[in-house]
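Comments concern the structure below.
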Amino acid sequence: MISASTLDEVKSVAKLSDLVKDYTSLKRSGNQLSGLCPFHSEKTPSFFIDPTDSFYFCFGCGAKGNIFTFLKEKKGLDFFSAIEFLAKKYGISIVYEQKSDNREKFFEINKLAKEFFVNSLRDNTAHSQHAKEYLQNRGVSTNLQEKFEIGFSGEGAHCVKFLLQRGFSLDDIRSSGLLRYSPQTGKVIDFFSERIIFPIKDRFKRVLGFGGRVVNDNHSPKYLNSPDTEVFKKSKLLFGLDLIEKAPEVYVVEGYFDVITMVENGFTAICPCGSAFTVDQLKVLENSASSVIFVFDGDVAGWKATLKACLVSCQSSVNVFFKILDDGYDPDEFLKTHGASRFKDLRLISPEECLIKTFTNIKGKQEISQLSRVEFNELNELIHSYLNGLKNPLVKAQSKRFFNSIFNETLFSDKTEQTEVNLSDDSFLSICKKYPAVLHTIVSDPFLIGELPSDISVKLIKWSREVTPCVKSDDLIIEIAGKKLTASDITEFIKKRILLRKTLQSKPGDLTDRISLKRRAVRLFTGQTLKD
């Protein structure tokens with residue numbers, strides 16, 4: 001554990017504004033600092049840091065927290081990694097309590113193991129020669145082997161013996177995930193016996209664990225990762241992260257060889273360590289790139305991984321795009337066959353478009369209209385899951401408009417039935433502008449502001465910042481269409497009409513039923529806004 005004295009020193013010296021200014025410009029606003037929010041796109045500053053320079057809050061998207069929350073959200077760092085980052089930034093020496101030097105011990109063991117594996121690949125043994133030939137056949141040159149510090153683990157317990165000679169115990173080595181017991185003999189052997197080794201590092205270039213690939217494809221499993229340890233959590237780690245400084249775009253691919261070939265062709269790339277891409281991994285990338293581009297294998301397994309990435313991408317604060325490869329290709333094979341220029345020319349598609357395309361591919365269909373009713377309901381569930389993950393109300397509104405346009409075009413052959421449901425009539429806007437309490441009630445409701453068309457949402461948010469309600473929402477009584485309503489009544493009234501429209505997407509039904517429902521929704525939304 002990091003000592004309490006180190007924690008106190010870091011907390012006393014570190015300033016939240018020092019970190020935030022790397023993402024947005026800050027200006028003094030009274031006794032606070034303010035600027036454009038680093039967590040969502042906006043034109044008017046709504047992000048504030050309190051006078052103590054230790055807490056932030058955004059009135060636009062609701063983001064809030066302290067310096068450690070900020071580092072977790074923007075850099076993907078846990079508490080102890082954040083302390084290490086801040087200590088390095090401010091030149092503070094870290095003192096560890098003697099009773100738990102485990103993290104440093106793991107780093108040292110992994111560093112020595114990495115050096116052992118690298119030297120084993122360079123040896124002129126029969127086993128290492130076989131590994132060298134395999135790497136050469138995969139197009140991994142000696143320079144690339146050195147760049148990624150690729151190694152080799154032979155048969156037996158050579159790495160275990162090497163670490164024992166360096167003074168580590170069997171318990172230390174086992175805790176680091178570098179030994180196992182042979183199922184045939186029951187004896188201790190290297191965890192990665194007879195595998196090509198890929199070190200997995202953090203952004204500080206510390207070795208956290210390893211990935212191993214068999215040389216002989218007849219052995220299984222083909223890929224093996226270090227078991228979870230105090231420093232190796234594969235759902236949070238990325239292969240190739242240590243080579244990224246700051247890039248306009250970072251590609252996310254599936255495998256180690258994909259990363260290596262991408263880097264060889266001039267792209268910045270990483271891959272997860274044998275698991276589906278996670279939100280934690282996306283948070284780590286947000287500090288390294290302006291855009292993240294997913295490009296997975298062009299087969300059913302790759303499409304399923306892409307679909308999962310679509311559902312994760314909704315939680316990103318940076319631009320996310322996808323590229324779809326032809327059937328049977330992975331990035332490694334595509335680049336070797338067609339070259340970097342053709343790869344660059346592959347069209348970038350949005351997460352929304354990718355979600356629909358990969359789902360239909362998985363189901364073996366060309367168009368949404370070919371989906372069965374059960375498949376369509378399944379797609380709807382995925383879309384609602386994606387939309388629920390979007391935090392920015394304007395982005396959510398744009399995504400809904402995209403999905404609505406796709407469904408309308410696919411499901412309604414009668415063009416007269418494609419009338420847009422109108423929520424922006426003059427009576428609705430005039431009520432919001434006339435009664436600030438109504439305006440603030442609507443703007444503060446994430447459901448409502450997310451469901452409204454983006455141009456209306458922008459207008460309402462802008463108005464809400466220019467006025468202050470003089471009374472509480474439920475104290476204000478407004479008489480409309482002969483009814484006495486509070487601001488909350490009006491909000492609930494609008495919600496009912498929005499929920500009716502949502503059934504157009506949540507219940508496919510018979511085409512005739514859907515057209516009837518569409519007509520009913522249009523009548524409600526384009527009639528008297530507040531008349532039952």
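Side chains are part of it too, since the values below use all heavy atoms of this structure and drop only hydrogens, waters and symmetry mates.
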Tell me the closest heavy-atom pair linking [X] and [Y], and the distance in Å.
X: Y386; Y: L355; value: CB-CD1, 3.9 Å
X: F47; Y: P38; value: CD1-CD, 3.6 Å
X: I356; Y: I368; value: CG2-CD1, 3.5 Å
X: G60; Y: S46; value: N-OG, 3.5 Å
X: V284; Y: R203; value: O-NH2, 3.1 Å
X: V250; Y: I270; value: CG1-CG1, 4.0 Å

Inset, instruction - Could you check D258 against Y251 for side-chain contact (heavy atoms from CB on, under 4.5 Å), going step by step and ending with a plain yes or no? - result: CA-CA 10 Å; D258 293 325; Y251 283 86; over 6 Å; no
Legend entry - Criterion side-chain contact (heavy atoms from CB on, under 4.5 Å) on E133 and V215, from CA distance to verdict: CA-CA 10 Å; E133 290 173 0; V215 179; over 6 Å; no
Check whether [X] reaches the backbone of [Y] with its side chain - one donor and one acceptor, N or O, closer than 3.5 Å.
X: Q136; Y: S141; value: no
X: S226; Y: F210; value: yes
X: E42; Y: C37; value: yes
X: K205; Y: D242; value: yes

Close aromatic pair by centroid cut-off 6.0 Å: [X] and [Y]:
X: Y23; Y: F70; value: yes
X: F294; Y: F277; value: yes
X: F192; Y: F198; value: no

Can you tell me how far the [atom1] atom of [X] sits from the [atom2] atom of [Y], to the nearest 0.5 Å?
X: E230; Y: L208; atom1: CD; atom2: CG; value: 12.0 Å
X: S341; Y: L335; atom1: OG; atom2: CG; value: 11.0 Å
X: L282; Y: Q315; atom1: CG; atom2: CD; value: 8.0 Å
X: L77; Y: D280; atom1: CG; atom2: CG; value: 11.0 Å
X: T268; Y: L241; atom1: OG1; atom2: CG; value: 11.5 Å
X: S291; Y: L285; atom1: OG; atom2: CG; value: 11.5 Å

Other residues, nucleotides, ligands: >12 heavy atoms within 6.0 Å of [X] [atom1]:
X: K344; atom1: NZ; value: no
X: K147; atom1: NZ; value: no
X: K64; atom1: NZ; value: no

Legend entry - side-chain contact (heavy atoms from CB on, under 4.5 Å) involving R342 - partner list, sequence neighbours excluded: D326, F334, H338
Is there a side-chain contact between [X] and [Y] in this structure, where contact means two heavy atoms from C-beta onward sitting under 4.5 Å apart?
X: S193; Y: R180; value: yes
X: S176; Y: T229; value: no
X: Y256; Y: I150; value: no
X: T278; Y: K236; value: no
X: S316; Y: V292; value: no
X: P331; Y: D297; value: yes
X: V231; Y: N110; value: yes
X: L346; Y: L325; value: yes

Legend entry - Criterion side-chain hydrogen bond (donor to acceptor under 3.5 Å, both in side chains) against K363, the qualifying member of E378, E375, Q370: E378
Inset, instruction - Using the six-membered ring of F343, assess whether NZ or CZ of K323 lies under 6.0 Å from its centre and within 45 degrees of the ring axis. - result: yes
Inset, instruction - Assess K234 against F239: is NZ or CZ under 6.0 Å from the centre of the six-membered ring, and within 45 degrees of the ring's axis? - result: no
Legend entry - Residue pair Y56, V20: steps toward the side-chain contact (heavy atoms from CB on, under 4.5 Å) verdict: CA-CA 10 Å; Y56 65 86; V20 174; 5.7 Å; no
Which pairs of donor and acceptor atoms, one on a side chain in residues 305-314, lie under 3.5 Å apart (sequence neighbours left out)?
from, atom 1, to, atom 2, distance (Å)
T306, OG1, G302, O, 2.8
S313, OG, C310, O, 2.7

Inset, instruction - Could you go through the salt bridge (Lys or Arg N to Asp or Glu O under 4.0 Å) check for E353 and R347 one step at a time? - result: CA-CA 12 Å; E353 182 181 352; R347 187 170 71 90; 2.6 Å; yes
Legend entry - Derivation and outcome, side-chain contact (heavy atoms from CB on, under 4.5 Å), residues R213 and R138: CA-CA 13 Å; R213 206 263 186 216; R138 293 294 301 260; 4.3 Å; yes
Inset, instruction - May I ask you to check whether T358 and N361 show a side-chain donor-acceptor distance below 3.5 Å? - result: no
